[in-house]
Protein chains: 2
Amino acid sequence: MNAPTPMIRLTTQRQIILEELSKVKTHPTASEVYDMVRKRLPRIGLGTVYRNLELMAENGMILKLEVGGTQKRFDATTDAHYHIRCSCCGKVDDIDIPVIESLVGAAAESSSYQILGHHVEFTGMCPECQKKEGVATIH
Amino acid sequence: MNAPTPMIRLTTQRQIILEELSKVKTHPTASEVYDMVRKRLPRIGLGTVYRNLELMAENGMILKLEVGGTQKRFDATTDAHYHIRCSCCGKVDDIDIPVIESLVGAAAESSSYQILGHHVEFTGMCPECQKKEGVATIH
DNA sequence: CCTTATTAAATAATCATTCTCAACGGTGAA
DNA sequence: TTCACCGTTGAGAATGATTATTTAATAAGG
């Protein structure tokens with residue numbers, strides 16, 4: 001009916017991007033992935049990283065997180081889970097609380113949209129920034 | 001302890017930005033607000049709109065929505081509520097389901113972050129885009 | 001091999017946002 | 001009233017993230 005998986009070839013670049021992304025539990029931005037990958041493929045281009053992260057997200061191989069902040073972030077863990085973002089340093093971590101399946105149903109009843117999914121994003125201050133808080137003013 | 005309301009002067013520009021934002025139930029981007037305001041203040045600068053939307057959000061007069069998509073959006077309704085974003089056209093609407101207060105507590109238990117707040121964002125397809133769907137391919 | 005189609009690298013272009021700075025405006029003190 | 005000050009504005013430059021373009025390398029199929 002719809003075409004979910006156009007099926008992409010696993011080139012060296014794509015494989016290494018995927019491997020590096022899978023290594024970390026953080027949720028790196030495209031340029032952080034670029035830095036990681038460049039240690040193994042020094043000649044890779046930033047555009048290639050962007051293009052392939054986008055492609056892999058479309059194919060469901062990875063997750064693209066459209067959370068607050070200025071940059072998009074990527075996650076090799078594709079099963080549904082929630083996130084928290086530090087309002088001080090922008091870091092994103094997983095929150096291990098159960099996904100509330102009933103939310104989608106509730107939303108469907110109160111809206112004329114066709115609901116496709118949902119995401120919960122907490123904001124807070126990470127332990128590192130909490131330490132700094134006492135000393136300096138948070139910008 | 002912390003300084004929540006530095007108290008800002010309500011200049012003509014700020015008042016009109018606030019008025020125009022209050023008129024709509026959509027969640028306009030900065031440049032959409034700029035377009036609205038310019039009909040009444042043709043010489044206002046885009047930078048002024050950005051600067052003041054930011055300022056008013058800091059002062060709790062309006063809400064800055066850091067939802068998915070490429071642009072930030074603003075909302076004159078400051079009480080907590082959830083949103084839905086059309087994955088096709090990017091439009092953002094309110095979702096009228098009760099805010100789940102217990103989420104923050106649950107997150108606090110499973111995380112070492114100091115939780116400050118949370119937001120639920122649904123993704124879906126708005127009625128207008130649903131109509132188009134049958135005909136054209138959604139890009 | 002030879003042809004054709006993908007993909008990559010480099011780089012230019014775009015888009016949203018922030019910054020800089022000179023000019024302006026209102027407020028309070030002299 | 002006049003002056004000096006300080007926050008604010010408007011214009012435009014600068015930045016940062018992302019996307020598009022172009023050309024070259026590479027892989028797949030015959």
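Chain A is the first sequence line, chain B the second, and so forth, proteins listed ahead of strands; every chain is numbered from 1. Everything numeric in this text was worked out from a predicted model, so none of it was measured.
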Exercise for review: Take B/R14 and A/K64, find for each the nucleotide of DNA chain D with the closest heavy atom, and name the residue whose nucleotide sits nearer the 5' end.
Suggested key: B/R14

N/O to N/O distances under 3.5 Å, protein versus nucleotides 12-14 of chain C:
none

Point to revise | Along DNA chain D, first and last positions that approach a heavy atom of chain B under 4.0 Å | key: D/dT8 to D/dA11

Revision key, fill the gap. Residues pairing under ring pair (Phe, Tyr, Trp, His ring centres under 6.0 Å) where one sits in residues 84-110 of chain A, two or more places apart or in two chains, turn out to be none

Review point. Looking only at heavy atoms, what is the nearest atom pair of A/K64 and A/A57, with distance?
Key: CB-CB, 4.0 Å

Review point. Is the side chain of A/D75 donor-acceptor paired with the backbone N or O of A/T77 at a distance under 3.5 Å, no angle test?
Key: yes

Check your understanding: Checking B/Q130 side chain against B/M125 main chain: does a donor-acceptor pair fall under 3.5 Å?
Key -> yes

Practice item. Strictly below 4.0 Å, heavy-atom distances to any atom of DNA chain C: list the hits from residues 24-57 of chain B, or just say none. Key: B/L46, B/Y50

Point to revise | Euclidean distance, atom CD of residue A/Q71 to atom C1' of C/dT18 [Å, nearest integer] | key: 15 Å

Could you go through nucleotides 24-27 of chain C and list every protein N or O atom that sits under 3.5 Å from one of its N or O atoms, giving the distance for each pair?
none

Check your understanding: Using 4.0 Å as the upper bound for N to carboxylate O, is an ion pair formed by B/K23 and B/E20?
Key -> yes

Exercise for review: Mind jotting down which residue pairs meet the side chain to side chain donor-acceptor pair (under 3.5 Å) criterion with at least one end in residues 105-116 of chain A? Sequence neighbours excluded, please.
Suggested key: A/Y113-B/D93

